Amino acid sequence: MGDTRTLVRGARVGGSVVCAALAVVTLGWVLRDLAYSGDPRELWWRWASMPTSYGAQDVVYTAGPDLFLAVVYVAVAVRVPRSTSAAALLAVTGALTVVLRLPSLAVLGELPGATRLFGGPYPGAMLTTLGAVLGGIALIVMATAGSRFVPWEGATGAPGRLSPVRARAAGGALLLCGGILLWREIFLVDAMAEAEGGPGYFATYLAPDTAPRSLLLGAGGWVTVVQIVLVLAVAGVCFARTGGARALGLVAASQVVAVQAVALTAYVEGGIYEQFSERGPAGQLQSLAPPVLCALALVGLVLLLRRPPRPGPVPWRAPAPGPYAGPGPR
């Protein structure tokens, strides 16, 4: 006997509507960029930061993580009305939306004429980003205000809770992912500082006035910072086996797979692994990280997926009564 959190119906419906609206807007910008490029491969390589026919002076609205966010929005909008982890799903989706979209407001504020909601050189970018941040805040508020404690009975734990073995294994896989990402970034900071004679990492990847890889995400290095914090935090949630660990783990592991798979395809297409022995330590680490991270995150996904129930024994049924209400024929 104990307590577990649930989400009231109004918060479930509202969260589903907000996620659906965010998904439609994000997919709309993806389709815009696809129409602008004229070729899905061109857009894919642009997401992977490879040179394409866009040209250096052109800026697209979306990047690879935007497509991942759109998939998350659709999945959450479908699952939240009936999920036992609805509050956790809305909270982590809202937090991801806010932290990924907020930096682009600073980037757009530095671009001439980009702060206009509808006009300017990038029409709709400021309105989309501002609306996404407000939508993310709304998801967090609904997850917090609409959450209620309800009693449950059972000896194995709250509904949907991970088993101790699977929780520790999934948490270990995510912890390794976060550790590799953090160690790689620290290594790259030292390498850039040594090469440029100063704190080149911040100036290259995190500064608001950096040339953006996409308008809706802002500085590219911010995505990596968010990914590290998310993966390490969710690893702790899995180890603690708190409510929503499965749902949060699926989101974090899927994010690692999505981001690193884009980088992996770019490395394969660009022949990076054919020149592996010629690259320095920083380059070798950068090229080894995507396949290792994808493998670890896929292990975490497999461990976190809900297993189908095993068929149990057929329950015993009493024989049908005979014509005189006695036992039937044997």
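Positions are given from 1 along the sequence. This one's a predicted model, so the numbers in the text were calculated from it and none came from an experiment.
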Apply side-chain hydrogen bond (donor to acceptor under 3.5 Å, both in side chains) to Q260 and list each qualifying residue two or more places apart in sequence or on a separate chain. none
Considering non-hydrogen atoms only, spot the tightest contact between [X] and [Y] and give its length.
X	Y	value
Y273	S287	OH-O, 2.6 Å
L89	S83	CD1-OG, 3.9 Å
C238	A167	O-CB, 3.4 Å
V257	C294	O-SG, 4.1 Å
A252	V231	O-CG2, 4.4 Å

Kindly indicate whether the side chain of [X], heavy atoms from C-beta on, has any atom under 4.5 Å from the side chain of [Y].
X	Y	value
Y61	T129	no
F239	P164	no
V24	Y73	no
V13	P81	no
I180	L296	yes

Going from [atom1] on [X] to [atom2] on [Y], what distance comes out if it is rounded to the nearest 0.5 angstrom?
X	Y	atom1	atom2	answer
L67	L27	CG	CG	7.0 Å
L22	L69	CG	CG	9.0 Å
T62	L34	OG1	CG	9.0 Å
L102	T97	CG	OG1	11.5 Å
C177	L230	SG	CG	11.0 Å
Q227	F68	CD	CZ	9.0 Å

If hydrophobic clusters are built by linking Ile, Leu, Val, Met, Phe, Trp and Tyr wherever their side-chain heavy atoms come under 4.5 Å apart, do [X] and [Y] end up in the same one?
X	Y	result
V92	V226	yes
L248	V99	yes
L181	V259	no
V8	V18	no
V71	L301	no

Is there a donor-acceptor pair under 3.5 Å between the side chain of [X] and the backbone N or O of [Y]?
X	Y	value
D66	A63	yes
R166	L305	yes
R12	L7	yes
S254	V251	no
R246	L304	yes

Output all residues satisfying side chain to side chain contact (heavy atoms under 4.5 Å, CB included) with [X], sequence neighbours left out; order by chain, then residue number.
X	value
A138	M142
L303	A169, A170, V299
A173	none
L288	F276

Quick one: which of L90, V74, V72 gives a side-chain contact (heavy atoms from CB on, under 4.5 Å) with C19? L90
Decide yes or no on side-chain contact (heavy atoms from CB on, under 4.5 Å) for V302 and L298, but give the supporting numbers first. CA-CA 6 Å; V302 172; L298 286 173; 5.6 Å; no
Please confirm whether R32 makes a cation-pi placement over Y36, using NZ or CZ under 6.0 Å from the six-membered ring centre and within 45° of the ring normal. yes
All pairs passing side chain to side chain donor-acceptor pair (under 3.5 Å) where residues 14-29 contributes a residue, at least two apart: W29-T128
